[in-house]
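Protein chains get the first letters and strands the later ones, always in sequence-line order, with residue 1 at the start of each. Keep in mind it's a predicted model, so treat the numbers as computed, not measured.
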Amino acid sequence: MDTIITRFPPSPTGYLHVGGARTALFNWLYARHTGGKFVLRIEDTDVQRSTQASADAIFEALEWLGIDWDDGPYFQSRRFPVYEEYIQKIIDSGNAYYCSCSAEKLEAMRAEAAAAGRNPKYDGTCRDKGLSKGENTVVRFKAPFMGTTVIEDVVKGSIVFQNSELDDFIIQRSDGLPIYNLAVVVDDITMGINTVIRGDDHVSNTPKQILLYKALGHPLPTFGHVPMVLGNDRTRLSKRHGATSVTAYRDMGYLPEAMINYLVRLGWSYGDQEFFTREELIEKFSLENIGKSAGVFDMEKLQALNGDHIKAAPPAKLVSSLIPFLKAEGYDIRDTAYIEAVIKTLNIRSKTLKEMAADARFYFEDTVVYEEEAAKKFLKAASLDPLKALIKELESLGEFSEKALEDAFKKVMEQTNLKLGKIAQPVRVALTGKTASPGIFEIIEIIGRERVLSRIRKAMEFIERRKENA
RNA sequence: GUCCCCAUCGUCUAGCCCGGUCCAGGACACCGGCCUUUCACGCCGGCAACAGGGGUUCAAAUCCCCUUGGGGACGCCA
């Protein structure tokens, strides 16, 4: 079998959105799975709307996702002579002609067709005029009137189009620039692309492209049209459904592994398996298991999966990913061993890195702000004695290990005749300001003796003050 | 409007190609319970779907047709 060569051809008119990322992923995965090649191509023939900033944003997003390319990035804007050459070939072989119909005339034709309920088609005015290149001429492809054009689609099966539905579409604009369908075919041919996996919004372009391949005498690539990604209202995903930019998810604290896992699973399946590492995805991905129906982008499931990937990642490997979020919260991020210890206590309860950083506040800020409810419930006079007893124990405790701390708490329990919960909760509030946190012993061990003692004393002062004011 | 595609729990999906093992399985979310120093994790249990109608067949989620619903494409955009 020939080497599989796939490609991802975004147009640089904005950021990389999740639908595009999924298409890129499918192509990349298929190339990696088969040991083939993955080509990146920037489709910027629309000079008006294309920007370098968008291209850079797309590269950045792909890199974050861990999608690397073997060839490119190619820019169509630097390949105009190639298109020119191929357009000439098509004209020379009698498969295309110059047309001088004005844009206004075409617009009028479309309006008329729409009013009559017909599919708008070019009427072929210039088809047999034998015009030569002129000031305002475009080049049109000579499409067949009869017969059918069939897409043998690896995900959807055979799709049949009546050629009578097609018209003489433009392949070169009056300014000499190529039209999308032409540029795509020429690029895919010259770049050796033999597998085209793309969104199914492209199926109606495909018969035109097939005709172009035939006119050029080139064998067809394998086509696979994957269903769209929809928003929660089942319409095409767009900004009004929330974040659609891949990098927005990075900034919200999602892991690239979770993102690709989620995106690939949306529209592809491997039995009942939900969690995949990057390596598993490469190993198990196949075109056959791509589904036929459109899927709704579900943030909640993405978030759950992100939680799973956070849990599965070795804490040490999460340190560098978490640091930007810690920094954003304004914490001191110099001690990576400390951060790793913090992650060990937070990873099972965080759905995103952003959430983890927010929940890590008490590890980095010595001024504890008590949540009102928490203070009301646990920082009261009855807590004074156990806290006092605990301070005594902690002051004399040799090492702050989990085991030693547990013993210290047991002693306090005996002295005060209280259950652990009665002691642990006030301490938790004293240390974190909240009633929910990682295990009390691990927190104490990480925060360290001095800071723990000072926070407990502050809590006692707080209780005294409240008593006076009461 | 024309053409094309799609149709299993609220959502992602397995099963469909090669009908019986499916009074339909998993996951997310949700609701109970267990564990427990809190929260979470984990574990156990629950809720919840074959769009509708016709065929074919001893038998249909699975095959065929129609209807309905949804999506996409109809540019000198990509």
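- When both pairing distances are held under 3.5 Å, B/rC74 makes a Watson-Crick or G-U pair with B/rG1.
- The neighbour count for A/Phe462 CZ, taken as heavy atoms of other residues, nucleotides or ligands under 6.0 Å away, is above 12.
- Ring pair A/Phe59/A/Phe75 is perpendicular by interplanar angle, where above 60° counts as perpendicular and below 30° as parallel.
- The side chain of A/Lys311 sits closest to B/rG42 out of B/rU13, B/rC5, B/rG42.
- The backbone N or O of A/Lys458 lies less than 3.5 Å from no partner atom in the side chain of A/Arg455, so there is not a single donor-acceptor pair.
- Both A/Glu165 and A/Gly295 lie near RNA chain B, and the one whose nearest nucleotide falls closer to the 5' end is A/Glu165.
- Rounded to an integer number of Å, the gap from CG of A/Asn232 to C1' of B/rA29 is 14 Å.
- Using a 4.0 Å heavy-atom cutoff across all strands shown, A/Lys419 reaches no nucleic acid atom at all.
- Pairing partner, B/rC18: none, since no Watson-Crick or wobble contact has both distances short of 3.5 Å.
- With hydrogens and angles ignored, no donor-acceptor pair closer than 3.5 Å exists between the side chain of A/Lys292 and the base of B/rA7.
- Relative ring orientation between A/Phe141 and A/Phe169 is described as parallel, the plane-to-plane angle staying below 30° on a 0-90° scale split at 30° and 60°.
- The only option from A/Lys156, A/Arg236, A/Lys292 that meets the salt bridge (charged side-chain N to carboxylate O under 4.0 Å, His left out) definition with A/Asp200 turns out to be A/Lys156.
- Pairing partner, B/rA60: none, since no Watson-Crick or wobble contact has both distances short of 3.5 Å.
- Rounded to whole angstrom, the span from the NZ atom of A/Lys301 across to the P atom of B/rC30 amounts to 13 Å.
- Under a 3.5 Å cut-off, the side chain of A/Asn27 and the backbone N or O of A/Ile197 do form a donor-acceptor pair.
- Across all strands shown, B/rU38 remains unpaired; no Watson-Crick or G-U wobble contact has both distances below 3.5 Å.
- Atom P of nucleotide B/rG42 and atom CD1 of A/Ile310 are separated by 13 Å, given to the nearest angstrom.
- When both distances must be under 3.5 Å, the Watson-Crick or G-U wobble mate of B/rC30 is B/rG46.
- The residue from A/Lys208, A/His202, A/Glu43 that alone fulfils the side chain to side chain donor-acceptor pair (under 3.5 Å) condition with A/Tyr180 is A/His202.
- Look at the C1' atom in both B/rC16 and B/rA24: the space between them is 12 Å, to the nearest Å.
- Of the possible donor and acceptor atoms, one in the side chain of A/Glu280 sits under 3.5 Å from a partner among the backbone N and O of A/Thr277.
- Rounded to whole Å, the separation between the C1' atoms of B/rC30 and B/rU38 comes to 23 Å.
- In this structure, the CD atom of A/Glu274 is 10 Å from the P atom of B/rU13, given to the nearest Å.
- Close to B/rC3, at under 4.0 Å from its OP1 or OP2, lies no side-chain N or O of A/Lys121.
- Atom C1' of nucleotide B/rA14 and atom CH2 of A/Trp268 are separated by 13 Å, given to the nearest angstrom.
- Across the protein-nucleic acid pair, A/Phe276 atom CZ and B/rG26 atom P stand 17 Å apart, rounded to whole Å.
- Remark: A/Gln48 CD is loosely packed, at most 12 non-hydrogen atoms of other residues, nucleotides or ligands lying under 6.0 Å away.
- Of the nucleotides present, B/rA7 is the one that pairs with B/rU68 by Watson-Crick or G-U wobble criteria, both distances under 3.5 Å.
- With C1' as the reference atom, B/rA78 and B/rC12 are 29 Å apart, rounded to whole Å.
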Which nucleotides of nucleotides 69-78 of chain B have their base under 4.0 Å from a protein heavy atom (B), which only their sugar-phosphate (S), and which neither (-), written as one string 5' to 3'? --SSSBSBBB
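- For B/rU8 and B/rG15, the P atoms lie 14 Å apart once the distance is rounded to whole Å.
- To the nearest angstrom, P of B/rC5 lies 16 Å from CZ of A/Phe223.
- When distances run from any side-chain atom of A/Arg265 to the nucleotides B/rC28, B/rU13, B/rC3, the shortest one goes to B/rU13.
- Listed for the A/Thr352 side chain is no donor-acceptor partner under 3.5 Å among the backbone atoms of A/Gly253.
- Few gaps surround NZ on A/Lys121; more than 12 heavy atoms of other groups in view lie less than 6.0 Å from it.
- Atom-to-atom, CG of A/Asp298 to P of B/rU13 comes out at 11 Å; the value is rounded to the nearest Å.
- For B/rC39 and B/rC31, the P atoms lie 15 Å apart once the distance is rounded to whole Å.
- Rounded to a whole angstrom, the distance from the C1' atom of B/rC63 to that of B/rA27 is 30 Å.
- One C1' atom belongs to B/rU13, the other to B/rA49, and the distance between them is 12 Å to the nearest Å.
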Report each atom pair, protein N/O against N/O of nucleotides 37-40 of chain B, whose distance is under 3.5 angstrom.
residue, atom, partner, partner atom, Å
B/rU37, O2, A/Arg428, NH2, 2.5
B/rU38, O4', A/Gln425, OE1, 3.1
B/rU38, O2', A/Thr435, O, 2.8
B/rU38, N1, A/Arg428, NH2, 3.3
B/rU38, O2, A/Thr435, O, 3.3
B/rU38, O2, A/Ser437, N, 2.7
B/rU38, O2, A/Ser437, O, 3.0
B/rU38, N3, A/Arg428, NH1, 3.1
B/rU38, N3, A/Ser437, O, 2.5
B/rU38, O4, A/Gly439, N, 3.3
B/rC39, O2, A/Arg349, NH1, 2.6
B/rC39, N3, A/Arg349, NH1, 2.4
B/rA40, O2', A/Ile348, O, 2.9

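- Going from the C1' atom of B/rU62 to that of B/rC18 covers 11 Å, rounded to whole Å.
- Among the heavy atoms of the strands lying under 4.0 Å from A/Val160 are primed sugar atoms or P, OP1, OP2 only; no base atom is included.
- The two residues A/Leu255 and A/Asn306 come nearest to each other via the heavy atoms N-OD1, 2.9 Å.
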